[in-house]
Amino acid sequence: MKKIILAAICLLGAKSVVMAQETTMTTTKTTTATGTSTTTIYQTKDEVKHGWYLGLGVVAPGDYKINDKLKAAGMPELPSEMFELSIGYNLTYKRFSLDGEFGTGYMDKKTASDRVTGLMLNMKLRGHYMFLNKGNYSLSAGVDLTYANNTFDLYSRGNVIDLDDLNPATHSGHISLYNNQFLAGPSLAFGAFQKSNTPVRLNVGYDISLISGKWKSEVANVSNSLKESDLGVFYAKVVFML
């Protein structure tokens, strides 16, 4: 979690190091028999476009291995998809673009007796090359690098906490687990209305878990843990450039 917060702070500070458009001025003096004339030429360097964006979409992490243990215990299984909200910062130079993105997804599943809630936080770096640019429309492709933190809480519904008895040994019915992952994979982006005040993009990608930590808990030791290795995560989101 600390790494996610630090990454978000770095993302918020990105604007301070962005190169703005630069203009150079060249002045030439010409002397003739009738006098001296001055010619000034302005040259604008290639602009680095930059700005914030908001994204709304769906992330599908596939089938978690821990679902087998949840099913055996009669608990609700982790979903294969969840809603995601993201905020990011984009830099574009000619046909190259770079996104720094922070995203969060949430899930909540219930049965008559139990409940599972989940929070997924991720920090994504996306590099793209724009191989099609038709003014208002564009198409680019590239690679995503993602660091993700997944936290899930398992509850027995109907639990009661007595404030006159706050000894943790007398309370049960709540299990909290988390794991961290590093993922990478290909992605595509289709841009529309690029010359309008609010350009829109459709981002789709598929990330594969390269490094996955075991399920852990911040409040207890976890035995018989496992890694969510080889997990494939598909996402699709609509991005609104601000």
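Predicted model, so just to flag it, every value in this text is computed and none were measured.
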Practice prompt. Output, in order, the C-alpha distance, side-chain angles, deciding distance and verdict of side-chain contact (heavy atoms from CB on, under 4.5 Å) for V238 and N203.
Written response: CA-CA 6 Å; V238 178; N203 287 350; over 6 Å; no
Worksheet item: Between Y137 and F190, what is the ring plane arrangement, given parallel below 30°, perpendicular above 60°, and tilted in between?
Response: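 Parallel: the ring planes of Y137 and F190 meet at under 30°.
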Measuring from atom [atom1] of [X] to atom [atom2] of [Y], what distance do you get when rounded to the nearest 0.5 angstrom?
X: I175; Y: S156; atom1: CD1; atom2: OG; result: 8.0 Å
X: S217; Y: Y178; atom1: OG; atom2: OH; result: 8.0 Å
X: S229; Y: I208; atom1: OG; atom2: CD1; result: 12.5 Å
X: K49; Y: Y93; atom1: NZ; atom2: OH; result: 12.5 Å
X: Y147; Y: M123; atom1: OH; atom2: CE; result: 12.0 Å
X: K214; Y: N180; atom1: NZ; atom2: CG; result: 14.5 Å

If we only count heavy atoms from C-beta on, is the [X] to [Y] side-chain gap below 4.5 Å?
X: F83; Y: L85; result: yes
X: L177; Y: V222; result: yes
X: K237; Y: L56; result: no
X: E228; Y: N179; result: yes
X: S187; Y: H128; result: yes
X: V233; Y: V59; result: yes
X: L70; Y: L154; result: yes
X: T198; Y: F193; result: no

Neighbour count above 12 (heavy atom, 6.0 Å) for [X] [atom1]:
X: D162; atom1: CG; answer: yes
X: L166; atom1: CG; answer: yes
X: D165; atom1: CG; answer: yes
X: K65; atom1: NZ; answer: yes

In the single-linkage hydrophobic clustering (I, L, V, M, F, W, Y; side-chain heavy atoms under 4.5 Å), do [X] and [Y] co-cluster?
X: L98; Y: L188; result: no
X: L119; Y: I66; result: no
X: F234; Y: L121; result: no
X: V200; Y: L202; result: yes

Worksheet item: Strictly by modelled atom types, are N133 and S138 linked by a side-chain donor-acceptor pair under 3.5 Å?
Response: no
Practice prompt. Examine the side chains of H50 and N90 and answer whether a donor and an acceptor come within less than 3.5 Å of each other.
Written response: no
Would you say [X]'s side chain and [Y]'s backbone share a donor-acceptor pair under 3.5 angstrom?
X: S86; Y: F102; value: no
X: N136; Y: K195; value: yes
X: N67; Y: L78; value: yes
X: R115; Y: Y155; value: no

Worksheet item: What do you reckon, are the aromatic ring centroids of Y235 and Y206 less than 6.0 Å apart?
Response: no
Worksheet item: Can we call the ring centroids of Y53 and F240 under 6.0 Å apart?
Response: no
Worksheet item: So among R126, R201, K124, which one has a salt bridge (Lys or Arg N to Asp or Glu O under 4.0 Å) with E101?
Response: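 Exactly one option meets the salt bridge (Lys or Arg N to Asp or Glu O under 4.0 Å) with E101, and it is R126.
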Please find the pair of heavy atoms, one from [X] and one from [Y], that lie closest to each other, and give the distance.
X: G185; Y: D207; answer: N-OD1, 3.6 Å
X: M82; Y: G105; answer: SD-C, 3.7 Å
X: R157; Y: T111; answer: NH1-O, 2.8 Å
X: A148; Y: L183; answer: CB-CD1, 4.0 Å

Discussion item. Could you walk me through whether D114 and K109 satisfy the salt bridge (Lys or Arg N to Asp or Glu O under 4.0 Å) test, starting with their C-alpha distance in whole Å, then the side-chain angles of each, then the deciding distance to 0.1 Å, before giving a yes or no?
Written reply: CA-CA 9 Å; D114 302 298; K109 292 184 68 175; over 6 Å; no
Practice prompt. Applying side-chain contact (heavy atoms from CB on, under 4.5 Å), run through L125 and D99 and close with a yes or a no.
Written response: CA-CA 6 Å; L125 190 65; D99 291 343; over 6 Å; no
Worksheet item: Can you name the one residue among T146, N149, L231, N122 that meets side chain to side chain contact (heavy atoms under 4.5 Å, CB included) with Q181?
Response: L231
Fill in: Derivation of the side-chain hydrogen bond (donor to acceptor under 3.5 Å, both in side chains) call for N159 and H174
CA-CA 9 Å; N159 283 338; H174 178 203; over 6 Å; no
